Amino acid sequence: DKKHLCTVIVLGASGDLATKKTFPALFGLYKNHYLDPKTQIIGYARTKMDKATFEGHIVKYIKLKTDEDREALPKFLKLCSYQDGQYDKDQDFQVLEKEIEKVEKASGATARLFYMALPPSVFISVATSIKHNNYKKGVITRLIVEKPFGMDLESSRKLAKDLGALFTEEEIYRIDHYLGKEMVKNLMILRFANVIFGSVWNRHSIDNIQITFKEKIGTAGRGGYFNEFGIIRDVMQNHLLQILTLIAMEPPVSLGAEDVRDEKVKVLRYIPPIAKGDVLTGQYTKSKDGKEPGYLDDPTVPKGSKTPTYAATTLFIQNERWTGVPFILKCGKALDQQKTEIRIQFKEVSGHMFTNLARNEIVIRVQPNEAVYVKIMNKEPGLGMKTVISDLDLSYSSRFDNVVIPEAYESLILDSLNGDHSNFVRDDELDAAWKIFTPILKTIDSGEIEPIPYAFGSRGPHGVTEFVAKHGYERSNQEYVWPNHSEA
Ligand code: BG6
């Protein structure tokens with residue numbers, strides 16, 4: 001049985017990730033009764049602060065929408081305490097140990113969940129300190145870690161080796177928060193619980209697949225981090241690749257974590273490294289009206305940086321199911337809208353009975369406005385036999401009553417509390433992912449691929465439409481607008 005009462009220890013408790021994601025998610029779980037009310041949460045960071053200041057960090061991004069929320073918050077805060085200390089001093093982790101033991105005694109917890117909301121620079125020293133001071137026989141230890149998992153294959157392997165020397169794979173939970181998103185979790189059900197989808201999910205029926213991530217915001221405030229990594233490491237090599245994996249993998253033997261992850265690794269291993277001709281990159285400049293700054297105007301970004309803030313790449317999976325089907329991944333910051341979606345475009349129907357046909361598409365809208373819709377050809381109502389594009393539309397907001405989509409982090413923290421690894425990234429999966437991207441990243445880092453400038457708030461760099469068309473995507477000449485389309 002993997003269910004244990006956990007003490008949660010948030011390392012880096014005053015940082016951005018902890019305040020924006022970890023604490024609001026823990027509160028979300030608490031108020032919806034998914035967190036055992038006996039759970040104790042200990043924050044740890046370098047800053048000295050009193051309880052009131054710490055509570056200020058916890059509540060900063062918590063949204064209180066109902067009276068119940070407002071009632072739950074003070075009770076939640078009672079579960080939280082704070083301990084300051086350095087990240088490399090055994091002494092400080094010994095003090096933390098005393099605190100953990102104290103709360104364990106009171107709650108009866110038998111597991112410890114260490115949430116590493118930390119920058120990569122202190123990561124291994126904290127993991128080492130935990131291992132030396134807070135690792136106890138007979139108590140289950142779980143460690144949640146966050147990207148970046150290295151910069152390339154080599155550094156990722158080094159990190160895996162260093163962490164692997166301290167903790168077992170069973171103890172490690174690598175977060176890719178896209179795996180906690182409602183629609184991403186729906187992918188296996190859509191594919192494997194519907195004959196009508198399952199049977200056409202292959203190269204015989206599908207022409208091309210696009211996975212698109214768009215954000216309206218630029219790198220605002222994160223230029224320093226971002227410039228070192230670029231958009232491919234920031235979202236494509238992890239979030240978009242995870243989506244691709246779930247779209248492309250073979251059905252797992254069961255929903256068990258290792259069965260699912262075995263299939264994910266397998267499909268990644270069929271993907272050769274991305275070819276230089278299959279990538280297009282961009283970097284945003286000032287908005288057309290001059291109000292929004294360009295990437296290079298960010299004071300934390302080095303002058304003349306060639307780091308891409310937009311990228312489109314095409315991947316191919318060389319197996320029986322997918323040979324010849326391009327998987328086009330596109331992502332960018334400072335674009336015209338915010339959305340993540342998967343667009344599966346089918347081949348043309350054979351025969352010449354009709355003119356003016358468009359290809360079928362299954363569109364899975366990950367966010368915002370979660371939906372699945374299928375674009376189909378239909379007879380235009382009335383006399384005559386004219387064809388028109390229509391859709392079968394499952395929009396969550398109209399189909400489900402009072403739908404509340406849980407935050408990705410809530411879903412993943414709950415999994416880790418329950419000891420379920422299926423929505424976390426396994427070490428060999430990470431390795432396979434880096435193998436696909438490392439060569440092209442090296443080429444980009446060397447400055448060999450010049451990013452194409454695009455204006456803040458535009459649809460992206462010139463050439464994207466041609467790039468997508470080159471890989472088979474066909475825009476229909478019939479006008480079609482998804483009725484639930486709305487600018488977020
Ligand atoms: C993060 C990236 O992993 O994902 C950010 O570092 C990006 O740059 C974010 O904005 C997007 O996540 P979401 O959940 O807002 O789509």
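For ligands, and for the atoms within them, numbers begin at 1 and follow the listed sequence. Atoms considered below: every heavy atom in the structure, side chains included; atoms not considered: hydrogens, waters and symmetry mates. Bear in mind that the values here come from a model prediction, so they are computed numbers and not experimental data.
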Ligand 1: protein residues within heavy-atom distance under 4.0 Å: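 Residues within 4.0 Å of ligand 1: Lys147, His177, Tyr178, Lys181, Phe213, Glu215, Arg222, Asp234, His239, Lys333, Gln367.
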Asp69/Lys65 ion pair, N-O < 4.0 Å: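 Salt bridge: no.
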Electrostatic pair Glu215:Lys339 at N-O distance under 4.0 angstrom: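 No salt bridge links Glu215 with Lys339.
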With Ile440, the side chain to side chain contact (heavy atoms under 4.5 Å, CB included) member among Ile449, Asp445, Thr281: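 Option passing the side chain to side chain contact (heavy atoms under 4.5 Å, CB included) with Ile440: Ile449.
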Ser305 side chain vs Val301 backbone, donor-acceptor pair below 3.5 Å: no
Any donor-acceptor pair under 3.5 Å from Asn360 side chain to Lys375 backbone: yes
Distance-only donor-acceptor check, side chains Glu146 and Tyr115, under 3.5 Å: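 Tyr115 and Glu146 do have a side-chain donor-acceptor pair below 3.5 Å.
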